[in-house]
There are 2 protein chains.
Amino acid sequence: MSKFDEIMKKSGYSKATVSRVINHSPHVSDEARQKITDIMKQLNYIPNRNAVSLSTGQTKQIGIVTSATNEIILTFMNQFIDTAMDFGFQTLIYTSRGDKEIELQAFEDLRSKRVDGLVIMTCVNHPDKLKAYCEYGPIVSWQRMGNDEIPSVAMDQAQGYRLALEHLVSKGYTRIANAFGRAESLNTQSRREAYESFMVDNGLPVLREAYQYSIFSSSDGEEAMRRMASGSDLPQAVLCSNDYAAIGIWSEARKQNIRVPEQLAIVGFDDIELSRVLGITTIHNPIAEQATQAFHRLWAVLGKQELQAQQLEFQLIERSTT
Amino acid sequence: MSKFDEIMKKSGYSKATVSRVINHSPHVSDEARQKITDIMKQLNYIPNRNAVSLSTGQTKQIGIVTSATNEIILTFMNQFIDTAMDFGFQTLIYTSRGDKEIELQAFEDLRSKRVDGLVIMTCVNHPDKLKAYCEYGPIVSWQRMGNDEIPSVAMDQAQGYRLALEHLVSKGYTRIANAFGRAESLNTQSRREAYESFMVDNGLPVLREAYQYSIFSSSDGEEAMRRMASGSDLPQAVLCSNDYAAIGIWSEARKQNIRVPEQLAIVGFDDIELSRVLGITTIHNPIAEQATQAFHRLWAVLGKQELQAQQLEFQLIERSTT
DNA sequence: TTGTACGCGTTATCAC
DNA sequence: GTGATAACGCGTACAA
């Protein structure tokens, strides 16, 4: 016999009344509430969440889909977990490590009602394949998916990139190289377009031959720096896909006795804690706020209640690498 | 009508047989299996996990309890999530931010059968309070809890610390300072004792007045360095609670024009990726292996099957700060 | 305010 | 091999 049944019997009340007390329904006499509450405490009762979930059809769990975790993803996750908790939701992490099958598991979990909703940080499956899952629950993406079915909380990358470009040019740097992330990503495309149009508009050289792609980690940054150093002429500045890449470039530059920023200015992206410590100039990315917005988007569906969203913006943080 | 019922009706078989096919029971005729499988595919069927969990009493979910997340915790979490997935388990993250009530939520979730087991990374509630939850499911801790009810996968901190001390002494550094973590933690105690006995055994000075506590982040490290620099005489070397602290100290030392390692040697702890990039000498901590062991401990209970555990050891990684 | 009856979707224990 | 039937623990119309 379950504790629920015990409470029923001991209190003399019915299932429904016990359930009402558990869920703080106002339509219960003080006497009943008191009696049942006492017995609940005495029995150290706590509802079985599986039973609740089965009955209500809601698990109060939300999944975050990512291929890997770094400080950026982490900042997002932490804020998301916090916000979700304020609304009574818990968060599951799905790390796919780039495996399509594993990633799909998260979406299947939406179908099988293990989670009520999903947030996509990174995604290796084709957007079209994911459309089929939209009917099973709300899905929101961090980056743009190039897919209108799945809304995103992505920001205008071009705005951030222009901030960096304006800063560099105002400091007198004109030969500007780029260490991009994933070549095909919409983020990279936006940034590249921002760069090219900005340089053209200002009559500055577009260093296409200096484009480097897939520069994510500090190790990637090191290699990128080595390639730059081995080239015929060093650019005056380099814009990085993120701060890790910037730190790698900065570190390797030091080893090669290239003075920063005199010989090479470096601008990171995202503004992680270490770039503050190491003094890397960067573009502040309001990650936490995006996480909050991501949950609010889900809540709009789950709670059937729209929350107003504020417009977020990037911000230049000038430190000692420019 | 649920899809399960649809399958029943369309196939003409009973609940039980359908369930057998779903769970790959061998006691089903090929004909029945074929027919039911076809209909399942046709209906795009997937079992409702809440119903399964309610019926079996297992959620196949495990919670990780932590107060915050950094690269170390992350390394552990990632490996744990991976290992757990290999065994068909999913992982929930409970970040308490040091709030006892929030942390307790994780343990209540064990009680309410939302998770089958729990891993404690850090814990702010008193160990005695947690003992009460052991009856609801397996709990394993990363660090030692000072509580025999809750097993841990903690390593011998003293062994790792001695590695660093031997290395420093062999390099000729004898005036060695310490930047510890949480003063009351068992880890810190072990390390401090290792330091004191090692120094005494080797006839070297024990710099008690140079003990610094609560040095966790790179910011903490910066401040620790400033305090050291403002003191009467600089130690020759400093042992850090982790690599973040080491990086902070290293960075601030550079700003103060203190040459590393000539004027000050620095040894980190844990061996995160950045200490490789920045060239910080450190003690490699086999975090991922500890995560695997943590899951195996839980699996010993959940799967009723013991897995052998190998003895793990710290390792010195010499780089350019010593 | 309270109780009845049914539903949630699946597993498990028996029989046959 | 297959099929009733009873759990699993709780929510919720609807009626009283």
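So you know, we letter chains A, B, ... as the sequences are listed, proteins then strands, and number each from 1. Heavy atoms only: backbone and side chains are in, while hydrogens, waters and symmetry mates are out.
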In short, the helix from C/dT1-D/dA16 to C/dC16-D/dG1 is bent end to end, axes from five pairs each side, to 10°, by 30°
On DNA chain D, more 5' by nearest nucleotide between B/Ser14 and A/Phe4 is B/Ser14
In whole angstroms, the gap separating P of D/dG9 from NZ of A/Lys9 amounts to 15 Å
The complete set of ring-ring contact (aromatic ring centres under 6.0 Å, His included) pairs with one or both residues in residues 19-49 of chain B, sequence neighbours excluded, reads none
| task | Look only at the side chain of B/Gln143 and the backbone of B/Thr122, and say whether a donor-acceptor pair between them is shorter than 3.5 Å. | result | no
Quiz item: Can the ring centres of B/Tyr136 and B/Phe107 be said to be less than 6.0 Å apart?
Solution: no
The complete set of side chain to side chain donor-acceptor pair (under 3.5 Å) pairs with one or both residues in residues 70-85 of chain A, sequence neighbours excluded, reads A/Asn78-B/Thr69, A/Gln79-A/Thr83, A/Gln79-A/Thr292, A/Asp82-B/Arg97
N/O-N/O pairs, protein side and nucleotides 13-16 of chain D side, under 3.5 Å:
none

Taking 4.0 Å as the cut-off, does a side-chain nitrogen or oxygen of B/Thr17 come that near to OP1 or OP2 on D/dG3?
yes
Contact check, residues 30-54 of chain B vs DNA chain D, heavy-atom distance under 4.0 Å, returns B/Ala32, B/Leu54
To the nearest angstrom, the NZ-C1' distance between A/Lys15 and D/dT12 comes to 11 Å
DNA chain C: first to last nucleotide in contact with chain A (atom under 4.0 angstrom from a heavy atom), 5' to 3', is C/dT1 to C/dG9
Atom CE of B/Met8 and atom C1' of D/dT5 are separated, to the nearest Å, by 12 Å
From CD of B/Gln58 across to P of D/dC8 the rounded distance in Å is 16 Å
- Touch class at under 4.0 angstrom, heavy-atom based, for B/Asn23 against every strand present: sugar-phosphate
